[in-house]
Amino acid sequence: MLTGAQRVAVALVVALLTSCASSSDTAPRTQATRSYRMGFSYLPPRLTIEDVLRTADSVSRHSDGLLINLDIPWATLLAGGSAAQSVRQDVLPLAQVFQQKGIPIVATLDVANGIDRSAESRVLDSLGRSITDPAVQRVYRDYVVAFDSIIHPTWLALAMETNLIRLASPPKLYSAVVTMTNAAAQQLRATGSTTKLMVSVQVETAWGRPGNTFVGIQRDRTDFPFVQGFGLSSYPYLGGFAAPEQIPLEYYSKLVADAPLPMMVTEGGWTSASVPGAASSLDLQARYIRRQMAIADNAQLLGVYQITFTDLDLASFHLPPGTILPLFAFLGMEDTSYKPKPALAVWDSVRAVPLAH
């Protein structure tokens with residue numbers, strides 16, 4: 001749940017963005033088209049008013065789609081807080097600004113631990129609660145319904161990286177994810193919602209990386225029969241690829257080759273700095289953006305979204321010991337001082353190509 005300072009920041013963002021012209025109005029037209037929208041979430045490099053303002057403004061100028069990536073606000077909900085009130089306070093103001101500018105929203109809800117797929121949410125764990133608890137699953141379903149009815153995203157992911165959760169977590173946790181998402185989908189349809197539903201899958205896991213034994217995502221299609229498409233999570237530099245050009249063009253398309261379904265990238269990227277287990281550079285990151293878009297073209301994706309537009313100032317996040325977040329700290333198109341990287345010019349050159357729909 002947002003703090004008072006963060007709510008002030010959202011209000012300022014609303015005022016700022018409402019006064020700005022839509023970036024899509026000035027996109028040059030060419031004969032080529034792309035099938036996918038491109039965008040980011042508005043996660044700032046530091047959780048300050050100034051950074052929320054600046055990041056949201058940048059996202060609006062370099063995107064034609066918005067990603068809202070959220071952890072379930074477990075503490076608020078389990079303390080008896082209203083799901084609808086939480087959504088209206090914490091999400092709606094900024095969502096409305098983007099929607100009024102004609103920028104559609106893709107939303108992803110994380111029911112587990114986004115940094116450690118073997119574990120529960122850190123908040124739930126601190127409360128001594130678990131998604132295996134029917135009461136916890138009930139507040140999740142209520143939040144999903146409230147979020148959908150208030151925000152009206154074009155696509156809604158009810159869980160993230162389901163194949164990685166299945167691989168890494170105890171079976172009871174994965175079973176809970178299956179149970180609660182299927183129940184939430186059923187409850188959404190009972191309300192009359194027509195929002196398109198998905199879960200996300202981890203692409204490197206589906207390919208058996210860092211080895212090369214393709215596993216696929218058939219189990220996810222079976223366990224989550226409500227899906228109308230799939231979100232894709234992909235960090236190839238952590239999957240054993242030393243250079244972007246090594247990634248096969250069918251890296252996304254092969255996942256649904258036998259039974260096509262719509263897909264979109266809902267998180268991922270390539271680090272611009274070397275991290276444990278992966279050497280990298282600004283040049284490699286820029287080359288990855290170009291390669292990723294070729295892979296997206298080949299798969300005719302609906303969207304390519306990154307969670308981070310800027311790098312993350314790790315010192316400001318008060319990280320617990322042993323966290324793997326540093327592996328993902330340098331994925332931004334700009335650094336923590338908002339200095340553009342070479343990858344941003346590549347991103348913008350692709351986004352200048354008009355949408356096919």
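Start at 1 with the first residue, then count along the sequence.
Using a 3.5 Å distance cut-off with no hydrogens or angles, the side chains of Thr132 and Lys172 do not pair a donor with an acceptor. Residues Glu161 and Ser233 bring a donor and an acceptor atom of their side chains to less than 3.5 Å of each other. Judged purely by distance below 3.5 Å, without hydrogens or angles, the side chains of Gln85 and Ser82 never pair a donor atom with an acceptor atom.
Cation-pi geometry between Arg209 and Phe241 is met: the NZ or CZ atom falls under 6.0 Å from the ring centre, inside 45° of the normal.
For Ala112, the side chain to side chain contact (heavy atoms under 4.5 Å, CB included) partners two or more places apart in sequence, or in a different chain, are Asp110, Arg117, Ile165.
Contact check for Val201 versus Leu232: side-chain heavy atoms found under the 4.5 Å cut-off. With contacts defined as side-chain heavy-atom distances shorter than 4.5 Å, the pair Thr271/Tyr235 does not qualify.
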Query raised in the report: side-chain contact (heavy atoms from CB on, under 4.5 Å) between Ser121 and Trp74: does it pass, once the steps are laid out?
Result: CA-CA 9 Å; Ser121 154; Trp74 296 117; 3.5 Å; yes
**Report entry** Worked verdict on Lys339 versus Asp335 for salt bridge (Lys or Arg N to Asp or Glu O under 4.0 Å)
**Finding:** CA-CA 5 Å; Lys339 179 182 178 181; Asp335 64 19; 5.7 Å; no
**Report entry** salt bridge (Lys or Arg N to Asp or Glu O under 4.0 Å) evaluation trace for Arg61 with Asp348
**Finding:** CA-CA 10 Å; Arg61 290 185 287 107; Asp348 284 343; over 6 Å; no
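Taking each heavy atom of Pro244 and Trp270 in turn, the nearest pair found is N-CH2, 3.7 Å. Residues Gly269 and Leu331 share a closest heavy-atom pair of C-CD2, 3.8 Å.
Applying the ring-ring contact (aromatic ring centres under 6.0 Å, His included) test to pairs two or more places apart or on separate chains, none has a residue in residues 134-188.
Ring centroid separation for the pair His62 and Phe40 does not come in under the 6.0 Å cut-off.
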